[in-house]
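Computed from heavy atoms alone, side chains included, the values below leave out hydrogens, waters and symmetry copies.
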Amino acid sequence: MTAIKRCGWVVEWSEEDQCFVGSYPGIIGPCCHGDSEDEVYEQLRKIVDDWLEIEYEDRKRKANGQASSLSPYADRVKSHLAVYRRYRLGIEQEGIWDSKSYEHILPKELLWLNLIDTFRAEIRQYIAESGISLNQFFHHLNSLQAARLNLLWPLLNCAEPSLLVDTLGIGPGEVAHWEFEKVIDSNEKTSFDLYLELDSGTKVFIESKYTEEQFRSCKDDEQHRQKLREIYVPAMRDYVTPDYLKKGKFFANYQLLRNLAYIDPERNDKVVFLVPRANEKIVGQLQAVLKSAILDASVRSLVKIRYLEDVVSNAIALAGLPSGNLSLRTHLLFYREKYLI
């Protein structure tokens, strides 16, 4: 047999059957056949998509009936990823962190398996060419850096320029320029998970979270007090309540509030927080702070909370349209299988 592989799908010629046969190793065996490679490829892609849909719905039904659903979100995710490591990736060995082994961590030498195989090679190439430094937690299956690259890189590179804009609801416009882990101001030093410039002139600053239970605080030291006085208060005094610009509340919600300095009502510049709805702790902090900290309703409209579950579902739907990208849709189904509970 001669095997032809496309993003994990395998279509190979069978001398015995005198036809092409399709499979997806590790997920589904030989399951379709035909006289042409393209015919079998399309059949296989549809079968894999349907299988992932059924598996995801079955997993949701089981989770809804289990007492473990009452445990903290991060623990549920780690338990799910431990199963993913064993049965999807086929890795029995646990990874090590701080001299201890954990079920949701990959052995460091296998860290690239944290990138979903559909676009693993392409994302690895992007990381090498862009100079992005891998986070020390990248071999953790719940690594935020890996999670956002697995989702956002394909939406930026394997789809129409408007797909991410439509999925996040941040238009009008299309993505004209983007950068991961972008530092806008070297004095202020916030690193945005993803920075977008739309062809409409709008800038979009995206901050994401996955299993983290809160936005980080900061120390009450002279360095941060100086930044508060010289950068944050002048930038936000017109639309953030005075009590949130005092060191007590500001430092307690530092990682969240410092993002708001990049809002610009005149240019329609937006800040987007991308978080799982199921992560109730971080959603609660985000909603409570934004509701009480922002004075002006027009400014509040420039701060978007987008739930990871909705973003993935919307992207799957858009990628599945007749004019969409079915390879991207399958990748997003794999993303949902891995990351959403």
- Message: Test side chain to side chain contact (heavy atoms under 4.5 Å, CB included) on Cys158 and Trp153; report intermediate values, then the result.
- Response: CA-CA 8 Å; Cys158 305; Trp153 189 94; 3.9 Å; yes

- Which is it for Lys78 and Asn142 under the side chain to side chain contact (heavy atoms under 4.5 Å, CB included) test, yes or no, and what are the steps along the way? CA-CA 7 Å; Lys78 290 174 184 178; Asn142 64 326; 3.9 Å; yes

- Query: Going through the distances and angles, do Met236 and Ile263 end up as a side chain to side chain contact (heavy atoms under 4.5 Å, CB included)?
  - Reply: CA-CA 9 Å; Met236 295 189 278; Ile263 296 170; over 6 Å; no

- Task: Just do the side chain to side chain contact (heavy atoms under 4.5 Å, CB included) check on Val299 and Val240 with the steps written out, would you?
- Result: CA-CA 9 Å; Val299 173; Val240 170; over 6 Å; no

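Taking every heavy atom of both residues into account, Lys227 and Glu188 meet most closely at NZ-O, 2.8 Å. Of all heavy-atom pairs spanning Val175 and Leu196, the tightest one is CG1-CD2, 4.2 Å. Scanning all heavy atoms of the two residues, the minimum distance from Ser298 to Ser301 falls at O-OG, 2.5 Å. The minimum heavy-atom distance between Ala235 and Ala261, with the atom names listed, is CB-CB, 4.1 Å. Taking each heavy atom of Ile91 and Leu110 in turn, the nearest pair found is CD1-CD1, 3.9 Å. Of all the heavy atoms in Ser14 and Val21, the pair that sits closest is CB-CG2, 3.9 Å.
Applying the side chain to side chain contact (heavy atoms under 4.5 Å, CB included) test between Pro72 and each of Glu280, Lys281, Glu213 identifies Glu213 as the sole match. Among Tyr254, Phe251, Phe273, the one residue that satisfies the ring pair (Phe, Tyr, Trp, His ring centres under 6.0 Å) test with Phe215 is Phe273. Here the rule is side chain to side chain contact (heavy atoms under 4.5 Å, CB included) with Leu194, and of Leu164, Leu151, Leu149 only Leu164 fits it. Between Tyr210 and the options Phe137, Tyr335, Tyr339, a ring pair (Phe, Tyr, Trp, His ring centres under 6.0 Å) holds for only Tyr339.
In this structure, Val275 and Glu212 have side chains that are not in contact, with every pair of non-hydrogen atoms separated by 4.5 Å or more. Within the 4.5 Å cutoff, the side chain of Thr190 has no heavy atoms near those of the Ile184 side chain. Looking at Glu103 and Leu141, their side chains never come closer than 4.5 Å, going by heavy atoms from C-beta outward. The shortest side-chain heavy-atom distance between Gln226 and Arg229 falls under the 4.5 Å cut-off. The shortest side-chain heavy-atom distance between Leu302 and Asn268 falls under the 4.5 Å cut-off. With contacts defined as side-chain heavy-atom distances shorter than 4.5 Å, the pair Leu260/Leu290 qualifies. Using a 4.5 Å heavy-atom cutoff, the side chains of Lys209 and Gln285 are not in contact. Within the 4.5 Å cutoff, no side-chain heavy atoms of Val283 are placed close to those of Tyr73.
Between Asp264 and Lys203, no side-chain nitrogen of the basic residue sits less than 4.0 Å from a carboxylate oxygen of the acidic one, so the salt-bridge criterion is not met. For Lys100 and Glu94, the salt-bridge test fails: no basic side-chain N is under 4.0 Å from an acidic carboxylate O. A salt bridge between Glu181 and Arg148 is present, with a side-chain N of the basic residue lying under 4.0 Å from a carboxylate O of the acidic one.
Remark: Ile116 CD1 to Lys338 NZ distance equals 5.5 Å, nearest 0.5 Å. Ile231 contributes atom CD1, which lies 10.5 Å from atom NE2 of His224 (distance to the nearest 0.5 angstrom). Separating the OG1 atom in Thr118 from the CG atom in Leu115 is a distance of 9.5 Å, to the nearest 0.5 Å. One finds the CG atom of Asp35 at 7.5 Å from the SG atom of Cys19 (value rounded to the nearest 0.5 Å). Note that NE2 of His33 is 8.5 Å distant from CD of Glu39, once rounded to the nearest 0.5 Å. Here Gln223 contributes atom CD and Arg225 contributes atom CZ; the two are 10.5 Å apart, rounded to the nearest 0.5 Å.
For Asn114 (side chain) and His140 (main-chain N/O), a donor-acceptor pair under 3.5 Å exists by modelled atom type. Remark: the backbone N or O of Gln255 is not paired with any side-chain donor or acceptor of Arg216 at under 3.5 angstrom. In this structure, the side chain of Gln145 engages the main chain of Asn135 through a donor-acceptor pair within 3.5 Å. For the pair Asn259 (side chain) and Leu256 (backbone), a donor-acceptor distance under 3.5 Å is present. The main-chain N or O of Ala278 is found under 3.5 Å from a side-chain atom of Glu309 such that the two form a donor-acceptor pair. Side-chain atoms of Arg306 come within 3.5 Å of backbone N or O of Leu168 as a donor-acceptor pair.
Cluster annotation: Val165 is not connected to Tyr307 through the hydrophobic network of ILVMFWY side chains, with a link wherever side-chain heavy atoms come within less than 4.5 Å. Transitive grouping of hydrophobic side chains (ILVMFWY, heavy atoms separated by less than 4.5 Å) brings Phe119 and Ile132 into a common cluster. Linking ILVMFWY side-chain heavy atoms closer than 4.5 Å, directly or via other members, places Leu228 and Leu295 in two distinct hydrophobic clusters. Hydrophobic clustering of Ile, Leu, Val, Met, Phe, Trp and Tyr side chains at less than 4.5 Å, counting indirect connections, keeps Trp112 apart from Ile96. Hydrophobic clustering, with ILVMFWY side chains joined whenever heavy atoms are under 4.5 angstrom apart, keeps Tyr195 apart from Phe180.
Residue Gln136 places its CD atom among more than 12 non-hydrogen atoms of other residues, nucleotides or ligands, all under 6.0 Å distant. For Asp185, the CG atom is densely surrounded, since the number of other residues' heavy atoms within 6.0 Å is greater than 12.
In terms of the ring pair (Phe, Tyr, Trp, His ring centres under 6.0 Å) criterion, residue partners of Tyr262 (sequence neighbours excluded) are, by chain and number, Phe192, Phe205. For Leu111, the side chain to side chain contact (heavy atoms under 4.5 Å, CB included) criterion is met by Leu134, Phe138, His139, not counting sequence neighbours.
Between Phe250 and Tyr232, the ring planes lie tilted relative to each other; the angle falls in the 30° to 60° range.
In summary, the side chains of Asp38 and Ser36 do not present any donor paired with an acceptor at a separation below 3.5 Å, with no hydrogens or angles considered.
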